[in-house]
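Scroll down for the structure; my scribbles are underneath it.
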Amino acid sequence: MFEARLTQSAILKKVLDAIKDLLTEATFECTDSGIQVQAMDNAHVSLVSMNLRSDGFDKYRCDRNLSMGMSIAVMSKILKCATTNDTVTMRAVDNPDTIEFMFDTPGKDVQAQYEMKLINMDQEHLGIPETVYSCVVKMPSQEFARIVRDLSQFGENITIACTKEGIKFSAAGDTGTANVKLAQTADSGESDSVTIEMQESVKLSFSCRYLNFFIKATPLCEQVQLSLSNDVPLVCEFNIGEIGHIKYYLAPKIED
Amino acid sequence: GNKQTTLTSFFTKK
């Protein structure tokens with residue numbers, strides 16, 4: 001039997017908002033240590049790697065390892081039916097065909113129950129090598145979201161260049177160019193700080209379309225971490241409260 | 001111009 005409970009459904013609602021535009025379906029791997037998802041978009045340009053630790057749940061039980069194929073669209077519809085303060089419980093039997101979502105509203109004697117059919121999935125799983133990145137940048141997630149939105153108006157790609165001086169985002173198109181530069185802040189660890197750990201300067205271009213999907217995770221946490229090395233995929237990481245993280249990988253654009 | 005790469009050229013299939 002599998003059972004996972006969160007007293008506030010808000011976090012799970014935000015998680016679904018962060019993946020629903022990128023993924024149509026995904027396998028949720030449930031083990032004693034938590035829930036893991038690794039899934040690529042249909043074009044294999046980006047990948048979502050998500051981890052929700054069992055100790056982050058208010059109640060967690062997983063007697064047997066389960067691989068549950070879920071429609072992200074349906075799961076998102078179900079979670080829209082919960083209010084942010086509702087307690088959410090996910091439950092499945094061993095070898096399940098369905099997963100159950102239950103919402104309890106505090107102080108009310110109302111329980112809503114939704115059952116979702118699982119799907120058989122034949123998903124490609126990728127081995128992601130441990131990488132030491134040339135630049136690791138931490139910056140306010142809202143600032144990052146704003147830059148991605150603003151620059152997307154001027155071109156299809158955003159070029160990210162990182163040096164000791166700071167990080168520069170640029171876009172260029174038929175109508176002109178746009179550049180936003182951020183310097184490292186004096187203090188670190190604050191929600192509005194910008195920190196740069198650099199071994200080597202980098203310059204890479206990425207599709208705005210995907211970066212706009214990633215910034216849907218902004219409500220999850222105040223800081224985003226960008227890991228960059230020349231000619232390898234970008235990692236864009238958001239913490240999911242105290243319970244886990246979501247990492248987006250994005251393949252770079254390369255000169256023809 | 002710029003060509004979009006895919007992740008399968010960077011990561012190995014398990």
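All chains are named by letter (A, B, ...) in the order of the sequence lines, taking the proteins before the strands, and each is independently numbered beginning at 1.
Note that the CD atom of B:Gln4 and the CD atom of A:Glu156 stand 10.5 Å from one another [nearest 0.5 Å]. A distance of 8.5 Å separates CE in A:Met40 from OG1 in B:Thr6, rounded to the nearest 0.5 Å.
Heavy atoms from other residues, nucleotides or ligands lying under 6.0 Å from NZ of A:Lys20 number more than 12. Around CG of A:Asp55, the count of heavy atoms belonging to other residues, nucleotides or ligands within 6.0 Å exceeds 12. Within a 6.0 Å radius of CD in A:Gln153, more than 12 heavy atoms belonging to other residues, nucleotides or ligands are found.
Remark: the backbone N or O of B:Lys3 is not paired with any side-chain donor or acceptor of A:Glu255 at under 3.5 angstrom. Of the possible polar contacts, none joining the B:Thr5 side chain to the A:Lys253 backbone as a donor-acceptor pair under 3.5 Å is found.
Looking at B:Leu7 and A:Leu126, their side chains come closer than 4.5 Å, going by heavy atoms from C-beta outward. For the pair A:Asn157/B:Asn2, a side-chain contact is recorded, criterion being any heavy-atom separation below 4.5 Å from C-beta on.
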A:Tyr249 vs B:Phe11, test: ring-ring contact (aromatic ring centres under 6.0 Å, His included). Steps then yes/no. CA-CA 11 Å; A:Tyr249 291 82; B:Phe11 301 149; 5.6 Å; yes
